[in-house]
2 protein chains.
Amino acid sequence: MIKSSYVFLHCSTRVVTALRAFAAGGPAAQPLYIEVKNRITRSLIAGEWQPGAAIPSESRLAQQFKVSVGTIRKAIDQLVAEKIVVRQQGRGTFVSIHTEDRQFYYFFHIVSRDGGKEPPTHELLSLQTVKADVQTAAQLGIRQGERLHRVHNVLKLAGNPVIFDELRVAAARFTDLNASSFGARDGTIYGLYQARYGINVVRISERLSAALPSARVARVLGVDRGTPLLVIKRVAYTYHDEPVELRTSWVNTRDHEYLSDLWKSEPR
Amino acid sequence: MIKSSYVFLHCSTRVVTALRAFAAGGPAAQPLYIEVKNRITRSLIAGEWQPGAAIPSESRLAQQFKVSVGTIRKAIDQLVAEKIVVRQQGRGTFVSIHTEDRQFYYFFHIVSRDGGKEPPTHELLSLQTVKADVQTAAQLGIRQGERLHRVHNVLKLAGNPVIFDELRVAAARFTDLNASSFGARDGTIYGLYQARYGINVVRISERLSAALPSARVARVLGVDRGTPLLVIKRVAYTYHDEPVELRTSWVNTRDHEYLSDLWKSEPR
DNA sequence: TTCGATTTGTTCGTATGTATT
DNA sequence: TAATACATACGAACAAATCGA
């Protein structure tokens with residue numbers, strides 16, 4: 001049996017809330033750990049820590065921000081829950097990257113009807129630069145008439161074309177996007193955004209419906225025009241809910257389905 | 001400026017892990033707060049605290065389980081994340097109920113194309129008792145040939161039929177399920193399960209595809225048989241991932257879409 | 001309306017366990 | 001082995017919301 005005794009002299013000098021409100025000079029009145037979370041997020045946006053790299057340790061951040069480790073912990077807890085960073089015991093806390101399987105499948109929901117998830121292969125069909133119409137501009141938070149890159153893409157599973165994709169991104173954000181950079185990428189498209197343009201997709205919102213294919217989509221997917229397809233309209237967001245990509249996917253659901261698993265706080 | 005001084009005599013006698021492993025008499029070796037979470041979940045399953053009722057306060061649970069409040073807090077944090085309970089500052093912690101809007105829309109993903117969520121109205125079409133085929137039995141965790149209730153239902157939004165539903169549940173679990181109890185319910189179907197059968201649906205998994213309607217579905221939804229529909233196959237689970245209901249929905253996506261918002265840890 | 005008791009929310013700090021390097 | 005980093009657990013104090021006397 002191990003026993004130990006300590007004597008503390010604890011001088012509590014806490015007028016924290018008042019001090020914080022004063023320091024902020026504003027009516028903020030939000031919890032300290034939220035402010036800490038926002039400051040960390042701002043550093044992430046500024047590119048202070050690159051994807052895959054470790055952010056400073058909890059104790060170091062506690063010193064920098066002059067708060068307790070517990071408060072840092074609670075701030076990072078939220079970033080972990082939003083999958084913006086990942087923790088590894090004994091190693092550190094790392095900015096999420098899109099090259100890892102888990103991260104990838106978090107954004108890819110098409111699975112084989114018999115359960116298995118297969119690695120897809122991509123094929124670029126076309127890459128154009130067009131002007132944004134009013135609706136697209138509104139969704140991307142840009143002005144009508146600004147330039148867009150529009151990419152058409154086909155995605156094959158087990159060798160067969162299953163998904164026809166149309167991506168639209170603001171050309172201003174993705175300056176030198178071209179067919180070769182697109183084709184030469186190692187991993188996922190979001191991995192490319194992250195590695196080449198410093199844009200981290202951290203959340204997506206999707207709207208699904210059923211529709212018949214256009215002639216082109218039918219041809220690419222090898223189905224006739226009476227075959228019902230699953231249509232997925234996706235908006236991808238970076239930090240602070242800023243939209244960065246619009247994507248419409250047409251999916252042949254003969255052998256595949258869209259999996260929406262709501263939801264499991266993955267147990268350890 | 002407020003100042004205060006304290007003197008602690010801290011006698012640390014912690015061989016906690018060893019003690020716990022010994023007390024449990026097993027190879028558990030899992031964190032204390034996970035054990036606490038499981039004990040609370042077991043009480044929930046046992047119906048010890050009814051939906052809508054408060055569970056004991058954190059300090060009381062800490063006394064009962066002989067752990068610190070912080071450990072209770074961490075256990076309840078997880079139950080909150082899984083939406084099994086909800087916390088209210090100054091009031092207590094309550095078992096989730098399915099009559100509340102937020103809880104409802106957590107399981108209902110059909111929205112109008114122009115954004116708004118409308119309250120749906122239900123209409124019961126039929127309620128039969130049939131024998132489970134091998135696949136249905138496997139999915140529900142029962143034996144082939146056991147009795148099922150099969151319910152057909154139409155769901156209207158803004159007065160128009162939009163969704164055709166087929167539900168299947170084990171008759172053994174839902175003994176006296178009949179048309180009148182089904183029609184007389186106040187709120188949602190899961191609210192009925194909860195109030196009348198003590199079964200809490202806490203998670204669902206859905207697989208989506210596109211298909212053409214059968215003659216019956218087309219007739220009920222008022223579309224022709226060439227109209228592509230969104231097909232949703234859902235499994236609803238109660239505590240510990242036990243499946244309790246299978247549901248297939250056929251959705252007319254002319255004016256509505258399926259919203260998959262992945263995902264936002266709702267800010268406060 | 002005020003006050004006090006109760007309950008969750010936030011913040012601090014310490015000690016120790018466990019994984020990584 | 002030692003240092004570092006996250007994980008778990010404990011405990012305390014105060015803030016904020018709620019509710020009944």
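Every chain is numbered from 1, with letters handed out A, B, ... down the list of sequences. Computation of the quantities below employed the complete heavy-atom set of this structure, encompassing side-chain atoms and omitting hydrogens, waters and symmetry-equivalent molecules.
Near DNA chain D, meaning a heavy atom under 4.0 Å from it, residues 61-74 of chain B has B:Val67, B:Ser68, B:Thr71, B:Lys74 in order of number.
Between B:Ser112 and B:His256, the shortest heavy-atom distance links the atoms CA-CD2, 3.6 Å. Here the closest non-hydrogen pair linking B:Ile97 and B:Gln194 is CA-OE1, 3.3 Å.
Neither OP1 nor OP2 of D:dA9 sits under 4.0 Å from any side-chain N or O of B:Tyr33.
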Below 3.5 Å between N/O atoms, which protein atoms pair up with nucleotides 4-7 of chain C? Just atom names and distances, please.
unit_1 : atom_1 : unit_2  : atom_2 : d
C:dT7  : OP1    : B:Arg60 : NH2    : 3.2
C:dT7  : O2     : B:Gly90 : N      : 3.3

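Rounded to an integer number of Å, the gap from A:Arg87 CZ to C:dT20 C1' is 16 Å. When rounded to the nearest whole Å, the span between CG of B:Leu32 and P of C:dG17 equals 14 Å. Rounding to whole angstrom units, CD of residue A:Gln30 and C1' of C:dT11 are separated by 15 Å.
Taking 4.5 Å as the limit, some side-chain heavy atom of A:Arg185 sits within range of a side-chain heavy atom of A:His122.
A:Asn200 and A:Thr238 form no side-chain donor-acceptor contact under 3.5 Å, judged by distance and modelled atom types alone.
Salt bridge status for A:Glu48 with A:Arg42: absent, with no side-chain N to carboxylate O gap under 4.0 Å.
With B:Tyr239 as the partner, the side chain to side chain contact (heavy atoms under 4.5 Å, CB included) test is satisfied by one option alone out of B:Ile199, B:Val202, B:Val244: B:Val202.
Of all nucleotides present, none satisfies the Watson-Crick or G-U wobble test against C:dT1 with each distance under 3.5 Å.
A:Gln139 pairs by the side chain to side chain contact (heavy atoms under 4.5 Å, CB included) definition with A:Gln135, A:Val235, A:Leu246, not counting sequence neighbours.
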* From CA spacing to verdict: side-chain hydrogen bond (donor to acceptor under 3.5 Å, both in side chains), A:Glu206, A:Tyr258 -> CA-CA 11 Å; A:Glu206 297 185 318; A:Tyr258 178 98; 2.4 Å; yes
